[in-house]
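To start, the structure under review is shown below, and the notes come after it.
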Number of protein chains: 2
Amino acid sequence: MNGAPRPSRTSVTKQKLFDATLRLVATRGLAGLTVDDIAAEAGVAKGTVYYNFGSKDALIEALFRYGVSLLAQQIRPRETVDPRQAVEQLVDGMLVFLGEYPSFAQLLVSEMWRTPGQWHQTLSVLREDITSIFREQVALAADAGLLPDGVDVPTASAGLFGTVLVVTLDWQVFHPERSRAEVRESVLALVRGLIHR
Amino acid sequence: MNGAPRPSRTSVTKQKLFDATLRLVATRGLAGLTVDDIAAEAGVAKGTVYYNFGSKDALIEALFRYGVSLLAQQIRPRETVDPRQAVEQLVDGMLVFLGEYPSFAQLLVSEMWRTPGQWHQTLSVLREDITSIFREQVALAADAGLLPDGVDVPTASAGLFGTVLVVTLDWQVFHPERSRAEVRESVLALVRGLIHR
DNA sequence: TCCTTTAAACTGACTGGTCAGTACAAATAG
DNA sequence: CTATTTGTACTGACCAGTCAGTTTAAAGGA
């Protein structure tokens, strides 16, 4: 994993297209997006989209991968810490990322559970990338005996991920006046049911 | 308010259209649905859709209202009980409903947080219908001193609703082999952070 | 019981517009 | 000199919505 490659002309263009797509996707949804609009929003010719991605679907697929890699980078634990803190760091990482890319959260949530939708295969894999990071940390809590009986690690991890996702969206959409600290507290209140004692 | 009127021809047709739409919406999403397909799935001519609803949008809007009224009916508390049990009944009601209408859960989740999407206005109201029922019960728990400090009732209610929604979807999509009892337990494990002591 | 009337309900071919994807010649950047 | 981008124009498929005509069934004679 070396540093980010010096941006070539195409990687700048791809980035512009990702940003434009995220800007548009929140309002109209994936199916409502047109390639013409994406290109216009990015300040790029339509042909450039096809030169870089080959199809609308490929652009979306790349966008999913791009977003998830950013999210994974944000929540991957930097150093080993106390299990309780580790889970809190997970929550903080999610809140930071979703605060920065709210459209991506909407995109995820609106496509994640569609079966057997076009993106289900891809999203299953990407979801696994994220939940496995959660699972690692929750497993540490389990080893420390912090989990109540009858709660298995995979379920708890997936549930935690989903919970943070929807609570954050609810915050952004229905209570934008609330501060991140307040939201952090409500999520952690829920989490305390999981990581107790 | 006399007894339920014998179903007219149109109410049967409308029901068929609701069912067909729910059957199709899980795979392609709202924007991917065509009126031709809905009509075909319902065994009805395209014109009938327009005779009964006037537009595709009106059909979807009616479907949202229909689904939420069913959900509300399912989770509305029958009789006053212990606050802890009341919250568990809320969770059980959600699980029953979402188990019966999985597509509706997908529909809700994929449109609920879209801003300023076409359905945002309607969905805000309908979300309020549901969360207010949650809020009532959670408020009882708060009165009984069961909520930890720093957790306010509206946030906790909305969070609980969202959490049950995504955990259920995750169950249906990624772990269909799990039993409802198991899922119930994982949700309640999370809830125990809220309703403790 | 059988015919007639009426309005509601339904039908499906058709229209007008939209959009993904293509083609390509000319411009520009590295 | 090569990779990339632009702009414009085009095609073919698809789809929401329309509408003139048809069917259904309930009510009312006779």
Side-chain angles (χ1 to χ4, degrees), chain A residues 4-64 66 107 111 114 117-119 122, chain B residues 2-64 66 107 111 114 117-119 122:
Chain A
R6 146 172 56 90
S8 67
R9 197 143 59 120
T10 74
S11 78
V12 169
T13 301
K14 284 178 176 170
Q15 187 64 49
K16 280 197 291 186
L17 285 168
F18 286 155
D19 292 343
T21 305
L22 281 178
R23 240 174 286 132
L24 293 178
V25 82
T27 50
R28 332 230 238 109
L30 261 195
L33 275 184
T34 74
V35 175
D36 286 283
D37 286 341
I38 295 172
E41 176 77 20
V44 136
K46 186 181 187 175
T48 303
V49 176
Y50 286 90
Y51 181 83
N52 279 279
F53 291 102
S55 72
K56 180 186 171 184
D57 284 358
L59 162 62
I60 304 299
E61 168 121 4
L63 176 60
F64 274 126
Y66 167 71
L107 186 55
E111 299 295 327
R114 183 155 297 157
Q118 203 170 4
W119 313 110
T122 302
Chain B
N2 51 13
R6 137 175 67 89
S8 66
R9 194 144 59 117
T10 72
S11 78
V12 169
T13 303
K14 283 178 176 169
Q15 188 64 49
K16 281 197 290 186
L17 285 168
F18 285 156
D19 292 343
T21 305
L22 281 178
R23 242 174 285 132
L24 293 178
V25 81
T27 50
R28 333 232 236 109
L30 262 194
L33 272 186
T34 74
V35 176
D36 285 284
D37 287 341
I38 295 173
E41 177 75 20
V44 135
K46 186 179 190 175
T48 301
V49 176
Y50 286 90
Y51 179 83
N52 279 281
F53 291 102
S55 71
K56 179 185 171 184
D57 285 358
L59 162 61
I60 303 300
E61 168 121 4
L63 177 59
F64 273 126
Y66 167 70
L107 185 55
E111 299 296 326
R114 182 156 297 157
Q118 204 169 4
W119 314 110
T122 301

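Here is the naming used below: chain letters follow the sequence lines, and residue numbers restart at 1 for every chain.
Considering only heavy atoms from C-beta on, Glu111(A) comes within 4.5 Å of Phe64(A) through its side chain. The shortest distance between side-chain heavy atoms of Asp37(A) and Arg28(A) falls below 4.5 Å. Between Thr13(B) and Tyr51(B) there is no side-chain heavy-atom pair separated by less than 4.5 Å. Inter-residue side-chain proximity for Thr21(B) and Leu107(B) is flagged as unmet; no heavy-atom pair is nearer than 4.5 Å.
Residue Ile38(B) is classed as having no contact, given no heavy-atom separation below 4.0 Å to the nucleic acid.
Taking atom CG on Leu17(A) and atom P on dT4(D), their separation rounds to 14 Å, with Å as the unit. The distance between atom NZ of Lys14(B) and atom C1' of dA9(C), rounded to the nearest whole Å, is 12 Å. In this structure, Asp36(B) places its CG atom 16 Å from P of dA13(D), rounding to the nearest Å. Distance CZ (Arg9(A)) to C1' (dG30(C)): 7 Å, rounded to an integer number of Å.
Between Leu17(A) and Ala42(A), the closest heavy-atom pair is CD2-CB, 3.7 Å.
Listed by residue number, there are no residues of residues 23-32 of chain B with a heavy-atom contact under 4.0 Å to DNA chain D. Residues of residues 39-64 of chain B having a heavy atom closer than 4.0 Å to DNA chain C, listed by number: Val44(B), Ala45(B), Gly47(B), Thr48(B), Tyr51(B), Asn52(B).
Exactly one residue among Gln15(A), Arg23(A), Lys16(A) makes a side-chain hydrogen bond (donor to acceptor under 3.5 Å, both in side chains) with Asp19(A). That residue is Gln15(A).
Within the 4.0 Å cut-off from OP1 or OP2 of dT18(C), not a single side-chain nitrogen or oxygen of Thr34(A) is found.
Looking at residues two or more places apart in sequence or on another chain, you find no salt bridge (Lys or Arg N to Asp or Glu O under 4.0 Å) involving Asp57(A).
Ring pair Phe18(B)/Phe53(B) is tilted by interplanar angle, where 30° to 60° counts as tilted.
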